[in-house]
Amino acid sequence: MFNLILFGPPGSGKGTQSMKIAEKYGLEHISTGEIFRNEIRNKTTIGLKVKNIIESGELVTDELLLEILQYELKKHKDIKGFIFDGYPRTLVQAGHLDQLMEEMNMKISYVISLDVHDDELISRLLLRAKETNRSDDTEEVIKQRLVVYNSQTKPLIDYYSKQKKLLKIHGIGSIDDIFRNITYEIDNH
Ligand code: AMP
């Protein structure tokens with residue numbers, strides 16, 4: 001199996017690139033943010049639990065993410081692999097993912113890290129706020145999501161770099177250029 005993590009700050013293009021990668025390599029795309037947005041739309045118990053957390057730019061608990069991950073990993077059988085988009089976001093989650101993968105005789109092949117500086121992220125997210133109605137794309141929440149990213153998620157770069165799984169990609173340019181850089185890195189490793 002071929003399992004990838006697409007890693008990067010909010011606004012780095014994880015969602016867009018993950019979908020393209022999933023299509024090209026035939027992988028199952030797991031976006032925890034999308035899962036939560038669906039739960040919120042459908043007003044499920046999970047949706048009601050996470051709505052305020054997401055709208056304030058904070059992270060949902062590691063325990064709830066673990067439940068969702070276990071469910072998703074077991075749901076998809078006979079597939080080529082997964083691409084995780086927006087998971088893991090904390091060191092605890094990264095540990096959970098490694099453990100679950102080991103239990104299921106799988107492993108993470110590569111972690112693709114999209115590198116985009118803060119000014120560019122803020123302007124992209126503000127633009128997205130105008131174009132979509134994501135309730136966590138307001139200026140105040142965007143700033144909070146970046147604070148959370150820098151303190152809780154960024155340390156994962158070191159975690160995966162030590163495991164020699166990190167592929168760093170310059171995340172500025174057109175969607176197609178960035179996608180080409182990603183596939184080049186994947187195919188030449
Ligand atoms: P995203 O679409 O990946 O930017 O996720 C939107 C929001 O969902 C995040 O700002 C978090 O509040 C929540 N979320 C998504 N994935 C995770 C995760 N792995 N851990 C904690 N919270 C998450």
Side-chain angles (χ1 to χ4, degrees), residues 3-19 22 27-76 81-104 106-108 111-114 116 118 121-122 125 128-129 132-163 165-166:
N3 300 302
L4 299 174
I5 294 174
L6 197 55
F7 184 85
S12 58
K14 289 193 299 291
T16 310
Q17 296 296 340
S18 300
M19 281 190 277
L27 305 178
E28 201 60 48
H29 178 204
I30 296 192
S31 159
T32 45
E34 271 307 314
I35 291 172
F36 288 135
R37 280 186 286 281
N38 261 325
E39 299 284 333
I40 292 172
R41 256 193 303 273
N42 295 327
K43 299 195 169 59
T44 64
T45 315
I46 290 182
L48 294 174
K49 214 188 253 182
V50 301
K51 188 170 188 288
N52 289 338
I53 303 176
I54 291 182
E55 288 182 352
S56 61
E58 302 296 334
L59 293 184
V60 174
T61 62
D62 292 332
E63 290 72 28
L64 185 54
L65 264 301
L66 177 59
E67 275 178 42
I68 287 172
L69 185 73
Q70 280 169 324
Y71 174 78
E72 290 293 327
L73 289 187
K74 289 186 181 129
K75 184 164 98 183
H76 303 282
F82 291 99
I83 176 155
F84 298 97
D85 160 11
Y87 189 92
R89 261 177 156 100
T90 64
L91 284 167
V92 172
Q93 291 179 15
H96 285 158
L97 181 59
D98 278 348
Q99 199 183 326
L100 275 182
M101 290 250 136
E102 203 183 309
E103 281 168 21
M104 297 174 78
M106 304 193 285
K107 66 177 180 58
I108 296 295
V111 178
I112 298 154
S113 168
L114 290 174
V116 182
D118 274 13
L121 294 173
I122 292 173
L125 287 165
R128 186 167 84 186
T132 67
N133 57 356
R134 262 186 70 157
S135 54
D136 57 348
D137 271 348
T138 63
E139 188 162 1
E140 201 186 322
V141 179
I142 285 169
K143 292 208 169 120
Q144 183 54 26
R145 282 161 62 205
L146 287 173
V147 168
V148 168
Y149 171 80
N150 282 316
S151 63
Q152 303 200 50
T153 309
K154 217 174 178 178
L156 295 182
I157 292 183
D158 229 32
Y159 179 86
Y160 287 115
S161 170
K162 282 188 186 131
Q163 293 189 3
K165 290 187 175 163
L166 201 70

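One N or O on the side chain of N3 and one on the backbone of F82 form a donor-acceptor pair closer than 3.5 Å. At least one donor-acceptor pair closer than 3.5 Å links the side chain of S56 to the backbone N or O of I53.
The heavy-atom pair separating D85 from G15 by the smallest distance is OD2-CA, 3.4 Å. Nearest heavy atom pair, residue K14 against residue L114, reads N-CD1, 3.9 Å. Minimum interatomic distance between L6 and S18 (heavy atoms only, all atoms of both residues): CD2-OG, 3.3 Å. A pairwise comparison of heavy atoms in V116 and P9 identifies O-CG, 4.3 Å as the closest pair. In this structure, H29 and A22 approach most closely via the heavy-atom pair CB-CB, 4.0 Å.
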What donor-acceptor contacts under 3.5 angstrom involve side-chain atoms of residues 90-101, with partners at least two apart or in another chain?
from: T90; atom 1: OG1; to: D62; atom 2: OD1; distance (Å): 3.0
from: T90; atom 1: OG1; to: Q93; atom 2: N; distance (Å): 3.0
from: Q93; atom 1: OE1; to: R89; atom 2: N; distance (Å): 2.8
from: Q93; atom 1: NE2; to: D62; atom 2: OD1; distance (Å): 3.0
from: D98; atom 1: OD2; to: Y159; atom 2: OH; distance (Å): 2.5
from: D98; atom 1: OD2; to: Q163; atom 2: NE2; distance (Å): 3.1

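To the nearest 0.5 Å, atom NZ of residue K51 and atom OG of residue S135 are 6.5 Å apart. To the nearest 0.5 Å, atom CG of residue L66 and atom CG of residue L64 are 9.5 Å apart. Atoms CG and CD1, on L73 and I68 in that order, are 12.0 Å from each other to the nearest 0.5 Å. Summarising the geometry, atom CE belonging to M106 is positioned 8.0 Å from atom CD1 belonging to I108; distances are rounded to the nearest 0.5 Å.
Taking 4.5 Å as the limit, some side-chain heavy atom of N150 sits within range of a side-chain heavy atom of D118. Inter-residue side-chain proximity for R37 and R134 is flagged as met; some heavy-atom pair is nearer than 4.5 Å. L65 has its side chain within reach of Y87: a pair of non-hydrogen atoms, C-beta onward, lies under 4.5 Å apart. Looking at heavy atoms from C-beta onward, E55 lies out of side-chain contact with V141 at the 4.5 angstrom threshold. Residues V50 and E39 are not in side-chain contact: their nearest non-hydrogen atoms beyond the backbone lie 4.5 Å or more apart. Counting only heavy atoms from C-beta outward, the side chains of I35 and N38 never approach each other to under 4.5 Å. Residues L27 and F84 have side chains not in contact (no heavy-atom distance under 4.5 Å, counting atoms from C-beta outward).
By the 6.0 Å contact criterion, CD on E103 is enclosed, its count of non-hydrogen atoms from other residues, nucleotides or ligands being greater than 12. Heavy-atom neighbours of K165 NZ from other residues, nucleotides or ligands within 6.0 Å: above the threshold of 12.
Relative orientation of the Y149 and F7 rings is tilted, given thresholds of 30° and 60° on the angle between their planes.
Just one of V111, L166, I112, L156 meets the side-chain contact (heavy atoms from CB on, under 4.5 Å) condition when paired with I5; it is V111.
The salt bridge (Lys or Arg N to Asp or Glu O under 4.0 Å) test applied to D158 returns K162, not counting sequence neighbours. Residues forming a salt bridge (Lys or Arg N to Asp or Glu O under 4.0 Å) with E72 (at least two apart in sequence, or on another chain): K75.
One finds a salt bridge joining R145 and D137 here, because a Lys/Arg side-chain nitrogen approaches an Asp/Glu carboxylate oxygen to under 4.0 Å.
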